[in-house]
Amino acid sequence: VRLVESGGKLVQTGGSLRLSCEAFGDTFDDYAIGWFRQAPGKEREGVACLSSSDLSTEYSDSAKGRFTISRDNAKNSIYLQMNALKPEDTAVYYCAAGPTGRYTYKPISVGSEYDYWGQGTQVTVSS
(Lines give C-alpha, C1' and ligand atoms only; values in the text may rest on other atoms or scores of the structure.)
Protein backbone atom coordinates (compact mmCIF):
# COMPACT_ATOMS: atom_id res chain seq x y z
CA VAL A 1 0.00 0.00 0.00
CA ARG A 2 1.37 3.40 -0.96
CA LEU A 3 0.13 6.48 0.86
CA VAL A 4 0.47 9.94 -0.65
CA GLU A 5 -0.19 13.04 1.43
CA SER A 6 -1.02 16.47 0.09
CA GLY A 7 -2.31 19.80 1.30
CA GLY A 8 0.54 21.08 3.39
CA LYS A 9 1.59 24.68 2.89
CA LEU A 10 2.44 27.97 4.58
CA VAL A 11 -0.45 29.54 6.47
CA GLN A 12 -0.86 32.32 8.98
CA THR A 13 -1.68 31.84 12.63
CA GLY A 14 -5.39 31.21 13.03
CA GLY A 15 -5.77 29.80 9.54
CA SER A 16 -7.07 26.42 8.44
CA LEU A 17 -5.76 23.58 6.32
CA ARG A 18 -7.08 20.23 5.21
CA LEU A 19 -4.49 17.54 4.68
CA SER A 20 -5.35 14.62 2.44
CA CYS A 21 -3.87 11.16 2.17
CA GLU A 22 -4.75 8.84 -0.68
CA ALA A 23 -4.02 5.12 -0.73
CA PHE A 24 -2.80 3.24 -3.78
CA GLY A 25 -2.62 -0.51 -4.05
CA ASP A 26 -5.24 -1.34 -1.45
CA THR A 27 -8.25 0.20 0.23
CA PHE A 28 -8.39 1.93 3.59
CA ASP A 29 -11.65 0.28 4.56
CA ASP A 30 -10.41 -2.13 7.20
CA TYR A 31 -7.40 -0.21 8.42
CA ALA A 32 -7.07 1.96 11.45
CA ILE A 33 -5.68 5.29 10.34
CA GLY A 34 -3.65 8.00 11.97
CA TRP A 35 -1.96 11.32 11.46
CA PHE A 36 1.42 12.00 13.04
CA ARG A 37 3.78 14.93 12.87
CA GLN A 38 7.42 15.66 13.44
CA ALA A 39 8.86 19.10 14.05
CA PRO A 40 12.58 19.86 13.59
CA GLY A 41 14.59 18.52 16.49
CA LYS A 42 11.60 16.79 18.04
CA GLU A 43 10.31 13.24 18.12
CA ARG A 44 7.38 12.12 16.03
CA GLU A 45 4.09 12.54 17.85
CA GLY A 46 0.59 11.29 17.25
CA VAL A 47 -1.97 13.92 16.36
CA ALA A 48 -5.19 12.05 15.59
CA CYS A 49 -6.27 8.50 14.97
CA LEU A 50 -9.39 6.66 13.90
CA SER A 51 -10.33 3.04 14.42
CA SER A 52 -11.09 0.62 11.58
CA SER A 53 -14.74 0.74 12.58
CA ASP A 54 -14.80 4.56 12.34
CA LEU A 55 -16.56 4.51 15.70
CA SER A 56 -13.72 5.81 17.81
CA THR A 57 -11.23 8.64 17.53
CA GLU A 58 -8.39 9.88 19.67
CA TYR A 59 -6.64 13.23 19.57
CA SER A 60 -3.54 14.61 21.20
CA ASP A 61 -4.14 17.32 23.76
CA SER A 62 -2.78 19.91 21.35
CA ALA A 63 -5.17 18.78 18.60
CA LYS A 64 -8.37 18.45 20.62
CA GLY A 65 -11.03 20.91 19.58
CA ARG A 66 -9.04 22.12 16.57
CA PHE A 67 -8.31 19.07 14.39
CA THR A 68 -10.66 16.48 12.93
CA ILE A 69 -9.69 13.17 11.36
CA SER A 70 -11.97 11.52 8.82
CA ARG A 71 -11.96 9.09 5.95
CA ASP A 72 -13.84 8.70 2.67
CA ASN A 73 -13.69 5.08 1.60
CA ALA A 74 -15.26 5.87 -1.77
CA LYS A 75 -12.25 8.07 -2.55
CA ASN A 76 -9.82 5.80 -0.70
CA SER A 77 -8.66 8.85 1.20
CA ILE A 78 -8.25 10.12 4.72
CA TYR A 79 -8.20 13.71 5.88
CA LEU A 80 -7.04 15.92 8.69
CA GLN A 81 -8.94 19.16 9.01
CA MET A 82 -6.89 21.64 11.02
CA ASN A 83 -8.38 24.87 12.30
CA ALA A 84 -7.07 27.68 14.46
CA LEU A 85 -3.52 26.81 13.52
CA LYS A 86 -0.65 27.92 15.72
CA PRO A 87 3.08 28.31 15.03
CA GLU A 88 3.71 25.25 17.21
CA ASP A 89 1.74 23.17 14.71
CA THR A 90 4.58 23.64 12.24
CA ALA A 91 5.87 20.18 11.30
CA VAL A 92 5.96 17.51 8.65
CA TYR A 93 2.68 15.63 8.83
CA TYR A 94 2.45 11.92 8.02
CA CYS A 95 -0.54 9.68 7.47
CA ALA A 96 -0.43 6.04 8.51
CA ALA A 97 -2.57 2.96 8.03
CA GLY A 98 -2.64 -0.48 9.59
CA PRO A 99 -2.27 -2.92 11.16
CA THR A 100 -2.60 -5.48 8.41
CA GLY A 101 -5.10 -8.21 9.17
CA ARG A 102 -6.45 -6.72 12.39
CA TYR A 103 -9.75 -4.88 12.43
CA THR A 104 -9.81 -2.41 15.32
CA TYR A 105 -12.63 -0.92 17.33
CA LYS A 106 -10.27 1.36 19.18
CA PRO A 107 -7.97 3.95 17.62
CA ILE A 108 -4.26 3.23 17.57
CA SER A 109 -2.06 6.03 18.82
CA VAL A 110 1.24 4.13 18.76
CA GLY A 111 3.12 4.73 15.55
CA SER A 112 4.94 1.39 15.58
CA GLU A 113 1.64 -0.46 15.16
CA TYR A 114 1.04 1.04 11.75
CA ASP A 115 2.29 -0.81 8.69
CA TYR A 116 2.08 1.90 6.02
CA TRP A 117 3.29 5.48 6.01
CA GLY A 118 3.17 8.36 3.60
CA GLN A 119 6.16 10.50 2.65
CA GLY A 120 4.97 13.50 4.63
CA THR A 121 3.70 16.96 3.82
CA GLN A 122 5.11 20.18 5.29
CA VAL A 123 2.85 22.47 7.28
CA THR A 124 4.28 25.82 8.28
CA VAL A 125 2.33 28.28 10.40
CA SER A 126 3.69 31.80 10.46
CA SER A 127 3.30 34.01 13.51
How many angstroms lie between [atom1] in [X] and [atom2] in [Y], if you round to the nearest 0.5 Å?
{"X": "Glu88", "Y": "Ser127", "atom1": "CD", "atom2": "OG", "answer": "10.0 Å"}
{"X": "Ser20", "Y": "Glu5", "atom1": "OG", "atom2": "CD", "answer": "10.0 Å"}
{"X": "Ser56", "Y": "Glu58", "atom1": "OG", "atom2": "CD", "answer": "7.5 Å"}
{"X": "Glu43", "Y": "Gln38", "atom1": "CD", "atom2": "CD", "answer": "8.0 Å"}
{"X": "Thr121", "Y": "Arg37", "atom1": "OG1", "atom2": "CZ", "answer": "14.0 Å"}
{"X": "Gln81", "Y": "Leu17", "atom1": "CD", "atom2": "CG", "answer": "8.0 Å"}

Is there a donor-acceptor contact under 3.5 Å linking the side chains of Asp26 and Tyr31? yes
Hey, are Ser52 and Thr104 close enough side-chain-wise for a donor-acceptor pair under 3.5 Å?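 Distance-only check passes for Thr104 and Ser52.
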Between Val123 and Met82, does the side-chain contact (heavy atoms from CB on, under 4.5 Å) criterion hold? Intermediate values first, please. CA-CA 10 Å; Val123 173; Met82 304 188 294; 3.9 Å; yes
Sequence neighbours excluded - ring pair (Phe, Tyr, Trp, His ring centres under 6.0 Å) pairs with any residue from residues 69-103: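 Counting only pairs at least two positions apart or across chains, the ring pair (Phe, Tyr, Trp, His ring centres under 6.0 Å) contacts touching residues 69-103 are Tyr103-Tyr105.
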Of all pairs that satisfy ring pair (Phe, Tyr, Trp, His ring centres under 6.0 Å), the ones with a partner from residues 32-56, not counting sequence neighbours: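 Sorted pair list: Phe36-Tyr114, Phe36-Trp117.
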Residues which pass salt bridge (charged side-chain N to carboxylate O under 4.0 Å, His left out) with Arg66, listed by chain and number, not counting sequence neighbours: Asp89
With sequence neighbours excluded, residues passing salt bridge (charged side-chain N to carboxylate O under 4.0 Å, His left out) with Arg102: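 Partners of Arg102 by the salt bridge (charged side-chain N to carboxylate O under 4.0 Å, His left out) criterion, ordered by chain and then number, come out as Glu113.
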Over all atoms of both residues, closest heavy-atom pair of Thr57 and Pro107: C-CG, 3.8 Å
Looking only at heavy atoms, what is the nearest atom pair of Asn76 and Thr27, with distance?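 Taking every non-hydrogen atom into account, OD1-CA, 3.1 Å.
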Is there a donor-acceptor contact under 3.5 Å from the side chain of Thr90 to the main chain of Val125? yes
Does one hydrophobic cluster hold both Ile78 and Leu50, with members joined at side-chain heavy-atom distances below 4.5 Å? yes
Check the hydrophobic clustering (I, L, V, M, F, W, Y; side-chain heavy atoms under 4.5 Å; chains of links allowed) and say if Val92 and Leu19 are grouped together. no
Sequence neighbours left out, what pairs pass disulfide bond (SG atoms under 2.5 Å apart) with at least one residue falling in residues 49-107?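 Pairs touching residues 49-107 that pass the test: Cys21-Cys95.
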Checking Ala63 now: which residues fulfil side chain to side chain contact (heavy atoms under 4.5 Å, CB included) with it, not counting sequence neighbours?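 Scan of Ala63 (side chain to side chain contact (heavy atoms under 4.5 Å, CB included), adjacent residues dropped) gives Val47, Tyr59, Ser60, Phe67.
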